[in-house]
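What follows is a set of notes on a single structure, which appears directly below.
By convention here, the first residue in the shown sequence is residue 1.
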Amino acid sequence: MNKTVTVIPGDGIGPEVTGAVLRVLDAVGARLEYDHQVAGTSAVPSHGSVLPQETVDSINAHRVALKGPLTTPSGSGFRSVNVAIRKEFALYANVRPVRTILPGGRYEDIDLVLIRENTEGLYVGVEHFIGMENDPKAAAESVMITTRYGSERIVRFAFDYAAANGREKVTLAHKANILKHTQGLFLDVGRRIAEGYADRVGFEDRIIDATAMYLVLDPYRFDVLVMENMFGDILSDLMAGLVGGLGFAPAANIGEDHAVFEAVHGSAPDIAGQGVANPTGLLLSACLLLEHVGQPEEAARVRSALYSVIRDGVSRTRDMGGSAGTAEFTDAVIGALA
């Protein structure tokens, strides 16, 4: 039977890259059907909301979604729709694999996975202003929330992922030397859970700033990395930079009952509608989706075709140093499908 998936094209270049990805999925024979919904700024004119109830209901019904980039303003306006979706469906694990595809960069043969706790930490949004001397915004305060339950859930997910995918080591990155309670709890939980996997998966813990440094100096010392929410948000982008940028980085948000696969790059309004966007990131996310719904052979075929086109170099988009548009690049991937 075909699996129905909620599809959210998103903002900016979102509809273009989403359309390209759906063309490839159809060409590879993926057993999928699509329920098209909207979210982000593009949803406001028609629904009056950045996250319409119809979209929430669709994800609830189908339990799997593919989402293009959504615009989030900085410093003011609405909170991130991405964060809202993760909280709505308790998508506690953000999985961000990075692998070298485009040759000739600073590093070759990068193959890393970052697993980020997605529901706690500073991103719970418990923050407020403090007024002083007639200034209502004299100070601002945010609260970092770390629970034993949330820490156990994400660390166990990381070890289970490593064991299931033949990975050798999990690195838990933290700031427990300074944040004794919140990060200390996360580290204590990690050390305890690691003992149960000692015969299958190695373990180490590292201070987060040292982790960032060594990811640049010697990324090959790492394999699977797990960390809390904000640290994971920052280092996942750093790791994407090791392989060429966010355009090559897929992401999966996994919960107990739902999963949302997304583009992690921005909506790039400056190039929207020009037909030049690179759909690679969202296409790789779609491969993770295919594996999640039990279609690994189709995922492998798409990845193989994508890698072949990029490495061949004839039909690269301009962000990869080529001149192909979105449609030409997508045609090349479809033509390379085995």
**Donor-acceptor contact below 3.5 Å, side chain Asp11 vs main chain Thr41** = yes
**Prompt:** Does the side chain of Asp109 come under 3.5 Å of the side chain of Thr100 through a donor N or O and an acceptor N or O?
**Reply:** no
**Asked** Would you say the side chain of Asn278 lies within less than 4.5 Å of the side chain of Asp319, judging by non-hydrogen atoms?
**Response** yes
**Request:** Indicate the atoms forming the closest heavy-atom contact of Leu91 with Gly255, along with that distance.
**Result:** CD2-N, 3.8 Å
**Asked** For residues Ser58 and Asp35, is any side-chain donor paired with an opposing acceptor at under 3.5 Å?
**Response** yes
**Prompt:** Sub-3.5 Å donor-acceptor pair from the side chain of Gln53 to the main-chain atoms of Thr55, do we have one?
**Reply:** no
**For Ala299 against Cys287, the heavy-atom pair lying closest together** = CB-O, 3.5 Å
**Message:** What verdict does the salt bridge (Lys or Arg N to Asp or Glu O under 4.0 Å) test give for Arg23 and Asp26, after you've listed the backbone C-alpha separation in whole Å, the side-chain angles of each residue and the deciding distance to 0.1 Å?
**Reply:** CA-CA 5 Å; Arg23 285 185 58 207; Asp26 289 344; over 6 Å; no
**Prompt:** Going by atom types alone, do Thr6 and Gln37 pair a side-chain donor with an acceptor below 3.5 Å?
**Reply:** no
**Asked** Could you state the interatomic distance from CG (Leu32) to CG (Leu22), rounded to the nearest 0.5 Å?
**Response** 9.0 Å
**Message:** What verdict does the side-chain contact (heavy atoms from CB on, under 4.5 Å) test give for Asn165 and Val224, after you've listed the backbone C-alpha separation in whole Å, the side-chain angles of each residue and the deciding distance to 0.1 Å?
**Reply:** CA-CA 10 Å; Asn165 289 276; Val224 174; over 6 Å; no
**Fill in**
What one should report as the nearest heavy-atom pair of Ala139 and Met132 is CB-CE, 4.3 Å
**Request:** For Arg116 and Val226, indicate whether the former's side chain and the latter's backbone hold a donor-acceptor pair under 3.5 Å.
**Result:** no
**Prompt:** In terms of hydrophobic clustering (I, L, V, M, F, W, Y; side-chain heavy atoms under 4.5 Å; direct or indirect links), are Val126 and Tyr92 co-clustered?
**Reply:** no
**Asked** Is a donor on one side and an acceptor on the other found under 3.5 Å between the side chain of Gln295 and the backbone of Arg31?
**Response** yes
**Item:** Closest contact, heavy atoms only, Phe231 versus His174
**Value:** CE1-C, 4.3 Å
**Item:** Polar side-chain atom of Ser42 near backbone of Val38 as donor-acceptor pair, under 3.5 Å
**Value:** no
**Asked** Going through the checks in order, is the side-chain contact (heavy atoms from CB on, under 4.5 Å) test met by Val44 and Val50?
**Response** CA-CA 6 Å; Val44 175; Val50 294; 3.7 Å; yes
**Request:** Determine whether Val5 and Phe89 fall in the same hydrophobic cluster, where Ile, Leu, Val, Met, Phe, Trp and Tyr are linked whenever their side-chain heavy atoms lie under 4.5 Å apart.
**Result:** no
**Prompt:** Got a second to check how far Tyr214's OH is from Thr171's OG1, nearest 0.5 Å?
**Reply:** 12.5 Å
**Message:** For the CG atom of Leu122 and the CG atom of Asn229, what is their distance to the nearest 0.5 Å?
**Reply:** 8.5 Å
**Message:** Could you check whether any side-chain N or O of His47 sits under 3.5 Å from a backbone N or O of Ser49, counting only pairs where one atom can act as donor and the other as acceptor?
**Reply:** no
**Joint cluster assignment, Leu282 & Val264, ILVMFWY side-chain distance < 4.5 Å** = no
**Asked** Strictly by modelled atom types, are His258 and Asn60 linked by a side-chain donor-acceptor pair under 3.5 Å?
**Response** yes
**Request:** Measure the acute angle between the ring planes of Phe159 and Phe203, then classify it against the limits of 30° and 60° as parallel, tilted or perpendicular.
**Result:** tilted
**Message:** Could you check whether Glu33 pairs with Lys3 (Lys NZ or Arg NE/NH1/NH2 to Asp/Glu carboxylate O, under 4.0 Å)?
**Reply:** no
**Message:** Suppose we screen for salt bridge (charged side-chain N to carboxylate O under 4.0 Å, His left out). Which residues come up paired with Arg96, at least two apart in sequence or across chains?
**Reply:** Asp237
**In one Ile/Leu/Val/Met/Phe/Trp/Tyr side-chain cluster, 4.5 Å: Val293, Leu283** = yes
**Prompt:** Sub-3.5 Å donor-acceptor pair from the side chain of Glu298 to the main-chain atoms of Leu290, do we have one?
**Reply:** no
**Message:** Any side-chain to backbone donor/acceptor pair from Ser308 onto Ser304? Under 3.5 Å, distance only.
**Reply:** no
**Message:** What I'd like to find out is whether the side chain of Phe222 reaches to under 4.5 Å of the side chain of Leu114, using heavy atoms alone.
**Reply:** no
**Message:** What I'd like to find out is whether the side chain of Phe329 reaches to under 4.5 Å of the side chain of Val309, using heavy atoms alone.
**Reply:** yes
**Asked** How far apart are the closest heavy atoms of Gly10 and Pro15, and which atoms are they?
**Response** O-CD, 3.7 Å
**Request:** State whether the side chain of Thr326 and the backbone N or O of Ala277 hold a donor-acceptor pair below 3.5 Å, judged by distance alone.
**Result:** yes
**Asked** Out of curiosity, Ile85 CD1 to Leu70 CG, how far, rounded to the nearest 0.5 Å?
**Response** 6.0 Å
**Request:** Verify whether one side chain among Lys87 and Asn118 offers a donor that lies under 3.5 Å from an acceptor in the other.
**Result:** no
**Request:** Verify the distance criterion only: is there a donor paired with an acceptor across the side chains of Glu120 and Thr147 at less than 3.5 Å?
**Result:** yes
**Message:** Is any side-chain heavy atom of Leu306 closer than 4.5 Å to one of Val24?
**Reply:** no
**Asked** How would you list all residue pairs meeting side chain to side chain donor-acceptor pair (under 3.5 Å) that involve residues 177-191, not counting sequence neighbours?
**Response** Arg191-Asp205
**Asked** If Ile, Leu, Val, Met, Phe, Trp and Tyr residues are connected whenever their side-chain heavy atoms lie under 4.5 Å apart, and connections chain through other members, are Leu25 and Val17 in the same group?
**Response** yes
**Request:** Kindly indicate whether the side chain of Ile115, heavy atoms from C-beta on, has any atom under 4.5 Å from the side chain of Ile154.
**Result:** yes
**Message:** Quick one, Thr280 and Leu284 - any side-chain contact, counting heavy atoms below 4.5 Å?
**Reply:** yes
**Message:** If you apply the rule side-chain contact (heavy atoms from CB on, under 4.5 Å), what do you find for Arg318 with Ile271, and how did you get there?
**Reply:** CA-CA 12 Å; Arg318 69 185 191 185; Ile271 61 169; 3.4 Å; yes
**Item:** Mutual orientation of the aromatic rings belonging to Tyr220 and Tyr107 [parallel < 30°, tilted 30-60°, perpendicular > 60°]
**Value:** perpendicular
**Prompt:** Between Arg206 (side chain) and Ala173 (backbone), is there a donor-acceptor pair under 3.5 Å?
**Reply:** no
**Fill in**
Minimal heavy-atom distance between Val333 and Ala305, with the atoms involved, is O-CB, 3.5 Å
**Prompt:** Considering only heavy atoms from C-beta outward, does the side chain of Met144 approach that of Glu228 to under 4.5 Å?
**Reply:** yes
**Prompt:** Taking NZ, NE, NH1 and NH2 as the nitrogens, is one of them in Glu88 or Arg86 under 4.0 Å from a carboxylate oxygen of the other?
**Reply:** no
**Message:** Whether Arg200 and Asp160 form a salt bridge (side-chain N of Lys/Arg under 4.0 Å from carboxylate O of Asp/Glu) is what I want to check.
**Reply:** no
**Request:** Indicate yes or no: at least one non-hydrogen side-chain atom of Leu112 is less than 4.5 angstrom from one of Leu215.
**Result:** yes
**Prompt:** Rounded to the nearest 0.5 Å, what separation is found between the CG atom of Asp209 and the CD1 atom of Ile178?
**Reply:** 8.5 Å
